[in-house]
Structure formats: C-alpha cells, structure tokens
Amino acid sequence: MQRRRARTQYCKGELIEREDFSEDLAAFKFRVDKQLPFIPGQYATIGFEVDGKIVQRPYSIVSSPHEPFMEVFVELVPEGATTPLFWALELGDTVFIRERLVGKFVLDIESGMTHHVMAGTVTGAAPYISIARTQKIEQEQGKTSPHQILAIVGASRSWELGYYMDELNELAAQEEWFTFVPTVSRPWEDPEWEGESGRAEDVIRKYGDQLGYDHTNAVVYACGHPQMIENSKAIWARARYPEERIKEEKFFVIKE
C-alpha cells in the first residue's frame with residue numbers, strides 16, 4: 001500500500017525525441033501523461049525504477065510550460081545514479097516524473113529590474129533557454145513586455161551545446177531583447193570556432209559593460225559548475241551588485 005501511494009506522486013514521461021551532442025551530452029524530450037505547470041527556471045525530479053525502487057534526481061527544464069513536451073539537457077556521469085539510465089533509454093521508453101515541479105531559480109520580476117545577465121556552463125543553460133522560449137512565446141501572444149536578457153554560456157567546445165547553439169543564435173538575431181554570447185574554453189580543440197574564447201566568468205563583465213547591464217538596472221544569475229558560480233559571484237560583488245540580486249543554481253555531481 002505504501003509503495004502504491006508513493007507511485008501516485010509521479011506521472012509517466014515517454015521518450016519521444018533524443019539528440020546526442022557528444023558522448024556525454026544529450027537532449028531528451030518526453031511526452032508527459034499529465035500537464036505539469038511550472039515557472040521557467042524550475043526543475044523536474046526524474047526517476048527510474050531500479051530493483052523495485054525509484055531512483056531519482058533533479059533536472060532543470062529546458063522546455064517552456066507552453067510547449068507540449070518536457071525537455072531536459074543531461075550530462076552523462078558514468079558513476080552517477082541516474083544519468084547512465086538516461087543513456088540506456090530508447091524512443092518509447094518511459095521514466096517517472098514527480099508531479100510537483102519546484103525551484104526558486106526563476107526570472108526575478110519582484111526586484112523591479114528589467115535587465116538580466118545569465119551565465120551558465122553547458123547544461124547550466126537549461127533554465128535560461130526555458131525563460132527565453134517562454135518570453136518569446138508570450139510576446140507573440142501579446143501577454144508580456146520583454147525583459148532584456150544577456151545570456152553567456154560557456155563550454156569546452158562549441159558542439160557541446162548542440163542545437164541549442166543554433167536556437168539561441170537565431171533568437172538573438174530575431175529579438176532585440178535577447179543577446180547570446182557563447183564562449184569556448186578550449187579553442188585549440190575547436191579550430192573552426194570563431195567566437196568568444198574563455199570561460200563564462202571571463203567575459204561576463206566585458207559584455208555586461210558593453211551593453212549597459214550594471215548594478216543599477218540588472219539581476220545576475222549563475223547556473224552550472226560550482227566554481228564558475230563562485231567566480232562569477234565574486235566578479236559581480238566587485239561590480240557592486242547587491243547580494244539579493246545575485247542568483248545561483250549549482251549543479252553538483254552526486255555519486256553513489
């Protein structure tokens with residue numbers, strides 16, 4: 001009885017699309033059997049049944065709540081509890097998704113600021129993509145006045161961002177409210193890359209200053225690798241951003 005009650009906390013997600021960007025990075029889209037409301041930037045707890053128990057971990061949602069699927073961007077951790085199970089999925093396979101989608105790493109509209117600097121590392125781009133997709137959809141519906149967004153996403157090599165690179169570049173070309181700066185930290189391994197080089201935190205001040213995002217008008221966000229977050233927070237503190245307008249979401253590797 002207890003196990004049956006526990007299972008009612010979940011719905012099923014059927015894998016409908018998968019795109020591998022590299023050996024250890026991939027995007028997964030699921031058709032969920034129940035509509036799950038959420039705020040862009042929040043995360044889903046996704047689980048797999050292992051030996052009669054559900055093993056689960058949180059994953060930031062890439063998709064917009066207006067889209068008819070749930071999308072996540074996952075990095076394979078070979079010794080992890082769940083990511084190897086993602087890599088074993090085939091189209092039509094199902095996962096468990098906890099019905100309550102949560103998280104506080106969302107667009108800060110309460111501060112009254114209209115500019116937002118978003119720094120991420122690889123899969124740390126997920127909440128920003130959800131926020132940007134949602135703003136574009138709602139703008140087309142006439143529901144919102146656009147916030148200004150500067151998204152800076154770092155990766156070791158450009159292909160690690162897969163089709164999100166094209167999506168974000170296209171959005172930046174279409175919308176004045178969105179600026180996208182991808183940066184590559186190992187350009188010697190990506191000889192065709194002609195864009196920015198360095199880590200995300202190496203260029204956040206450069207582009208913020210160029211575009212007029214500062215402590216008087218902006219909220220700043222860092223998502224992904226814990227060291228990038230700490231470095232970015234220190235840079236923003238020196239740039240006089242108040243602590244309450246520095247947001248963070250750390251992606252930890254959980255080993256079992």
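Along the sequence shown, the residues carry numbers beginning at 1. Since the model is a prediction, treat every value here as computed from it, not as a measurement. In what follows, every heavy atom counts, from backbone to side chain, and hydrogens, waters and symmetry copies are set aside.
Between the side chains of Gln148 and Glu176, not a single donor N or O lies within less than 3.5 Å of an accepting N or O. Tyr221 and Glu249 share no side-chain donor-acceptor pair at under 3.5 Å. Side-chain contact of Tyr59 with Thr45: a donor-acceptor pair under 3.5 Å is absent, judged by distance alone. No side-chain donor-acceptor contact under 3.5 Å links His66 and Gln141.
Of all non-hydrogen atoms in Leu25 and Trp87, the two that sit nearest each other are N-CZ2, 3.6 Å. Glu49 and Phe96 make their closest contact through CB-CE1, 4.0 Å (heavy atoms, listed as atom of the first residue, atom of the second, distance).
When each of Arg98, Arg100, Lys104 is tested with Val102 by the rule side chain to side chain contact (heavy atoms under 4.5 Å, CB included), just one qualifies, namely Arg100.
No chain of hydrophobic side-chain contacts below 4.5 Å, direct or via other Ile, Leu, Val, Met, Phe, Trp or Tyr residues, connects Tyr43 to Ile97.
Counting only distance, with no hydrogens or angles, the side chain of Lys247 and the backbone of Glu244 share a donor-acceptor pair below 3.5 Å.
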Next item on the list: Determine, stepwise, if the pair Lys250 / Glu248 fulfils salt bridge (charged side-chain N to carboxylate O under 4.0 Å, His left out).
Entry: CA-CA 6 Å; Lys250 294 178 181 179; Glu248 64 179 276; 3.7 Å; yes
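The existence of a salt bridge linking Arg186 and Asp190 is excluded, since no basic side-chain nitrogen approaches an acidic carboxylate oxygen closer than 4.0 Å.
Ring centroid separation for the pair Phe30 and Phe69 does not come in under the 6.0 Å cut-off. Remark: aromatic rings of Phe73 and Phe28 are distant, center separation not under 6.0 Å. Checked against the 6.0 Å centroid threshold, Phe86 and Phe48 count as a close aromatic pair.
A 6.0 Å sphere centred on CD of Gln174 holds more than 12 heavy atoms belonging to other residues, nucleotides or ligands.
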